[in-house]
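Before any comments, here is the structure.
The chains referred to below are lettered A, B, ... by the order of the sequence lines, with proteins before strands, and numbering in each begins at 1.
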Amino acid sequence: MPKLIKGVGCPYCGSSCDDIEVLVSDDETKVLEVHNACIIGTNLFHHANDPTRPRLPRKRQPDGTMKEIPYEEAIDWMAKTMLAAKKPLIYGFGSTNCEGMSAVARIAEKSGAVLDNCATICHGPSFLAIFDNGYPSCTLGEAKNRADVVVFWGCNPMHAHPRHTSRYSIFPRGYFTQKGAMQRTVLSVDPRETDTAKLADIHLMLDQGHDYELFDAFRTVLRGHDIPDVVAGIKKETIKKSVEIMKNARFCMIFFGMGCTHSDGRNHNVDHAISLTRDLNEYTKCSIMAMRGHYNIAGPGQVWAWQFGFPYCIDLSKGTHAHMNPGETSSVDLAMRDEVDCFVNIGADAGAHFPIQPVQHLKKHPFITIDPNFNMASEISDLHIPVRIAGVDEPGVVYRMDNVPIQFKAVLKGLPGVPSDEELFNKVYERMCELTQTKPIWLAAKEDRRYPESEAVI
Amino acid sequence: MSSGEIIIKGGFIIDPTRKINGDVGDVAIKDGKIVDKVSSSAKVIDAKGKVVMAGGVDIHSHVAGPKVNAGRLMRPEDKLRAGELRSSKAQKNGYRMESGFSIPSVFKTGYDYARMGYTFVMEAAMPPLLAPHVHEEIHDTPIIDEAALPVFGNNWFVMEYLKKGEVENTAAYIAWLLKVTKGYGVKVVNPGGTAAWAWGLNCLNINDQVPYFEITPGEIIKGLMEANEFLGLPHSIHVHQNNLGNPGNYPDTLESLKIAEGVKAKNKFGRETVLHSTHLQFHSYGGEGWKDFCSKSKEVMDYINKQKNLTFDLGCVTLDETTTMTADGPFEHHLHGLNHLKWTNVDVELETAAGIVPYIYDKNVLPNAIQWATGLELALFAKDMDRAFITTDHPNAGPFTRYPRVIKWLMSKKAREATLASMKNTDKVINATYIHGIDRELSLYEIAQMTRSGPAKCLGLSKVYGGLAPGMNGDVSVFDLNYKSMPSDAEKIETALQRAAYFIKDGEVVVKDGEVVSHGHKKTVWVKVKMPENPQVTRDVSQAFHQGTYTVDISNYPVREYLAPHQSIIDVNVEA
Amino acid sequence: MAKIHLNMITQRSIEEGAAMEQGKTNPNYFVACSICEMNPEDMKRGGIMKNTNIRVTSECGSVIVKAIEPTQYCPPGLAHIRQGVWANQVVPPRTQSTGTPQYSGFPVTIEPAPEERLKTALELVQGAVGLWQGGKI
């Protein structure tokens, strides 16, 4: 009898929807149906059935082809390679669980690596802004239950977080927002008329890359001063009208995304957005939230913050302490300056999502990919180690875009013989300890993790 | 847990639970517990000329959870200042990297508490929706036993039930929440005010109405206290009163405390008190503004000394640059308005909020100096040291690594006067506080009451922690202090307490000569209440999830077992 | 016909996400991401017929993609290649010292290239690092 599993978390975007229902085969090895997920989540779950999913590590041969090797050999090679490197770079973690992120931290400390995650090419500028300016925010339920004015600045949830507007931000009927979309005023700031902008009551189609000036104009108007007739391509009247709407909200919620972090100004755009939020708190309740891209990209920020004190770009190569300096210790910059001599790509695809030049720089050195599927990085790697898919055949803790921890379930039995990220990293760590003749440091937790270990893991 | 035998020989034992004040004697440990005696093959620890106490118990500290981590994340500069307190010795010995001064990383937290001989730390505030995060940090914190207090004072269910006077439903909800969050007791932070903050408002007085819920903070405190005693929980309600931090707030404090008058403790854990008032220093101010801001510690203590059913912890300002973080969201917004440093806020649906703002307590800034004095005065005016506990509301008034400094000030008038004399506004400080006129110096015995036996009893854990009687946990701290000839230079007291000569936990030596030598075995302590099912509460909770007021699925809300690997469960049975 | 100069952004789209989760070597990913959306006025200026190939050149490289009319309106002067393998052939890695490359808002030159063929994702990525061994995928 097929089994219906409810309350399943979707491991794609930062909405981290956990109302998915998945129908799996009786033997829990195949996904049959996916209910409630968007098309991306649905595809993700079904892709877990792909019979060509790798089940063994593959190593690049001198003739350029890949050959399957046993896990033990892969673990040994990875441990040796990372230890031999002066400054390995470990990057990724868009798609792993927190248990894996915690396990990799041990490897990073042991091998003196730089530990970085996808935020470095995504919401890293938001972190930089938070370091300077704080972060007045809330959980998504607060936005859903209270917000009557919602601003999407430089983000397009209809495409990047497809169910966000129906679960949290525009359409849902919340506790104090029982009329749903009818009692919400939506503003969209975007240089294109995106599908999100089409839903907005006001679309400010600003000149691309001029968000900073527009934030500044908003703040200036809010403080009662005059502005030029046109700022960033937007007319003064529109700016004033938008500010009035935000100021008179009962609860104003600002969501922002790559429009602010990928364009000129980077962190300064977000800094200004945070200042605007704070200014609005003089008049009404206002909160801001970064639209984190992946379902658990907030995870490494959280896990490494409590373990090392920093959310990303963590240079552990000094050995005595952790050092973070985005621009210096960030993945792309390290790659472009040839400052790393080994690259480990985990739960992400640097091969596809870094600009191609840093990839070329990184390929001068050993390049390892750890990911359940074939992707661009795996196809240029010297070693590709498959692991289970967090959220599909591996449970674990996940941090939603609002930093709410959600305990994701597994819906499938893991592929036989394929470890979880955590199990793999623990094995690599143990091998590193053997090779350096040091004792592994397990806090009390490891011995007692009642966390089902896959039967066939060596 | 070590099944080995240990005998700590010849130290000056200070154990208020057995009224032992410095007698030279031995402490025997077997199978992780204190015993009467051990065999001759026991490992001998020579404690001659040293003070021997039970492991410390910290009743209120923010060490694990979302707002603590938000603080770490937003303050990279806090890592730069850790230089002098960072121990590279530990790393060479194969221990995890340490980071952070006012908000240490979880590894540093565990190591630093252990170095000071502390065995149990209560995470002061756990937002239930984010409980898995709290437990993730707890299990990554080595050595020390920890528990966490879920917050109830702004919880929608609690407010709805108490508005209708439904104490039993409130109790059933508390029982359920403790179970699903693996929580320890009932924390109340700025009752009603933080719920108001979700709309940008606040409740400063216990008679202010919470918007929409139409209940007052006073009713919330009263109702939760009744529910707590109905359940017979090990700990009393743990209250952070309204109007924290504002000049002239001491009448509000007294009004909140008066709610406990006449209420009797009902429980099977030896707890005799019904309300714990936390970081009282922040709530003991006089004056109408910052110009006539002054200490009202005497007035507050006059009341508390008479009320035998109250306990409190100090929340002493340590005069450091630190980070404030509290579920009193509106206060943090207000504080940001005062010092214009970066402000982080997290409102949590249906439950609570948190705010984080860095703060520099400068001894040359008059209000900060007055705050410093106020915290110490509360202890120096206290008559019953079993009801007064040492904390710094870490990290709000200062990092927990400053406890030895606070103890130094409490034990040495000379040390207090030296700090006072070094201030820019000494005369003004003296005029606004009582400290200059207080000669009292606390003894180590009284310190042991305030850091071991007192907090353990208030938490209902007096059979386990806080003392050296046979049967208690084998948690023993040994300090390099000769009780018969204590150093006249109080700095030496601080140094000795900062790094224990030995710290044994569960019968295992985890610190030796001030350095960590083992990760020991930590436990997560929580309270499991068994009571008949309450269909109303079950229905109300389910509805909140199914209607989508909560934005997570109900099956993902309870903390899963594996997130708390070593559980020490306190069972509470409530009859029908 | 003169080359046209546009401002390029690269962002997510649901077509890209849905295809990516079927695998980046899947034909759907090829169809979804090897395209460039630009305003019809700009196409006209550049002598580019819709649904024909173009060469997009930035300060650090160039790529052949198919020009299409925008699925989400682009004003004149703005072009959009969905984030992914083709976009990252031309995204400048300069990070303004923040770690984050210039994914959105970089100048490109666009010219018609109707005879050029689109390369597959693997050919582009493996080709860039000397690992492309030919083939259909």
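Note on T109(B), L129(B), T551(B), L350(B): by heavy-atom pairs under 4.5 Å with chain A, the leading option is T551(B). Among Y175(A), F251(A), W306(A), F131(A), the residue with the largest count of heavy-atom pairs under 4.5 Å with chain B is W306(A). The candidate from A198(B), P104(B), G200(B) with the greatest count of non-hydrogen atom pairs under 4.5 Å with chain A is A198(B). Of the listed residues (V357(B), L130(B), T141(B)), the greatest number of heavy-atom pairs within a distance under 4.5 Å of chain A belongs to L130(B). Annotation: maximal heavy-atom pairing with chain B below 4.5 Å, among D402(A), V303(A), I288(A), N281(A), occurs at N281(A). Your options are R146(A), R167(A), E142(A), Q302(A), and the one with the most heavy-atom pairs under 4.5 Å with chain B is R146(A).
From F107(B), atom CZ reaches atom CD1 of I441(A) across 8.5 Å, with rounding to the nearest 0.5 Å. Considering CZ of R106(A) and CZ of R96(B), their distance stands at 6.0 Å, rounded to 0.5 Å. For the atom pair N345(B) CG and T277(A) OG1, the distance stands at 11.0 Å (nearest 0.5 Å). To the nearest 0.5 Å, the span separating CG on D132(A) from CD on E77(B) amounts to 9.0 Å. From W442(A), atom CH2 reaches atom NE2 of H519(B) across 12.0 Å, with rounding to the nearest 0.5 Å. To the nearest 0.5 angstrom, I554(B) atom CD1 is 12.5 Å from K6(A) atom NZ.
Interface residues of residues 322-336 of chain B toward chain A, defined by a heavy-atom distance below 4.5 Å and sorted by number: H333(B), H336(B). Using non-hydrogen atoms only and a strict 4.5 Å limit, the part of residues 64-75 of chain B facing chain A consists of N69(B), R72(B), L73(B), M74(B).
When heavy atoms are compared at a cutoff of 4.5 Å, K144(A) approaches chain B solely by way of its side chain, counted from C-beta outward. If you measure heavy-atom distances from F408(A) to chain B, the contacts under 4.5 Å come from the backbone alone. Proximity to chain B (any heavy atom under 4.5 Å) is shown, for A105(A), by both the backbone and the side chain. Of the two parts of N403(A), only the backbone, made up of N, CA, C and O, holds a non-hydrogen atom closer than 4.5 Å to a non-hydrogen atom of chain B. Contacts of T438(A) with chain B are absent, with no heavy-atom separation under 4.5 Å from either backbone or side chain. Only the side chain of S287(A) comes within less than 4.5 Å of a heavy atom in chain B; its backbone stays farther off. Residue contact with chain A, scored on non-hydrogen atoms closer than 4.5 Å, involves the side chain of Y212(B) exclusively. Only the side chain of R400(A) comes within less than 4.5 Å of a heavy atom of chain B; its backbone N, CA, C and O stay farther away.
Side chain of Q407(A) to backbone of P132(B): no donor-acceptor contact under 3.5 angstrom is found. Judged purely by atom type and a 3.5 angstrom limit, T139(A) uses its side chain to pair as donor or acceptor with the backbone of E349(B). The backbone N or O of G7(A) sits less than 3.5 Å from a side-chain atom of N556(B), completing a donor-acceptor pair. Not one N or O on the side chain of D553(B) forms a donor-acceptor pair closer than 3.5 Å with the backbone of V8(A).
Taking both residues in full, the closest heavy atoms of T344(B) and Y135(A) are given as OG1-N, 3.1 Å, listed atom of the first, atom of the second, then distance. The nearest pair of heavy atoms linking Q307(A) to V106(B) is CA-CG2, 4.3 Å.
At a threshold of 4.5 Å between non-hydrogen side-chain atoms, the residues K409(A) and R560(B) count as touching. Between E136(B) and C98(A), the closest side-chain pair of non-hydrogen atoms falls below 4.5 Å. Residues K285(A) and L201(B) have side chains not in contact (no heavy-atom distance under 4.5 Å, counting atoms from C-beta outward). By the 4.5 Å heavy-atom criterion applied to side chains, F308(A) and K79(B) are not counted as neighbours.
Ring geometry, W199(B) versus F176(A): the interplanar angle exceeds 60°, so the pair is classed perpendicular (tilted spans 30 to 60°).
Shown here is K439(A), whose NZ atom has no more than 12 heavy atoms of other residues, nucleotides or ligands within 6.0 Å.
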message: For Y562(B) and V397(A): C-alpha separation, side-chain torsions, deciding distance, then whether side-chain contact (heavy atoms from CB on, under 4.5 Å) applies.
response: CA-CA 11 Å; Y562(B) 79 93; V397(A) 180; 3.7 Å; yes
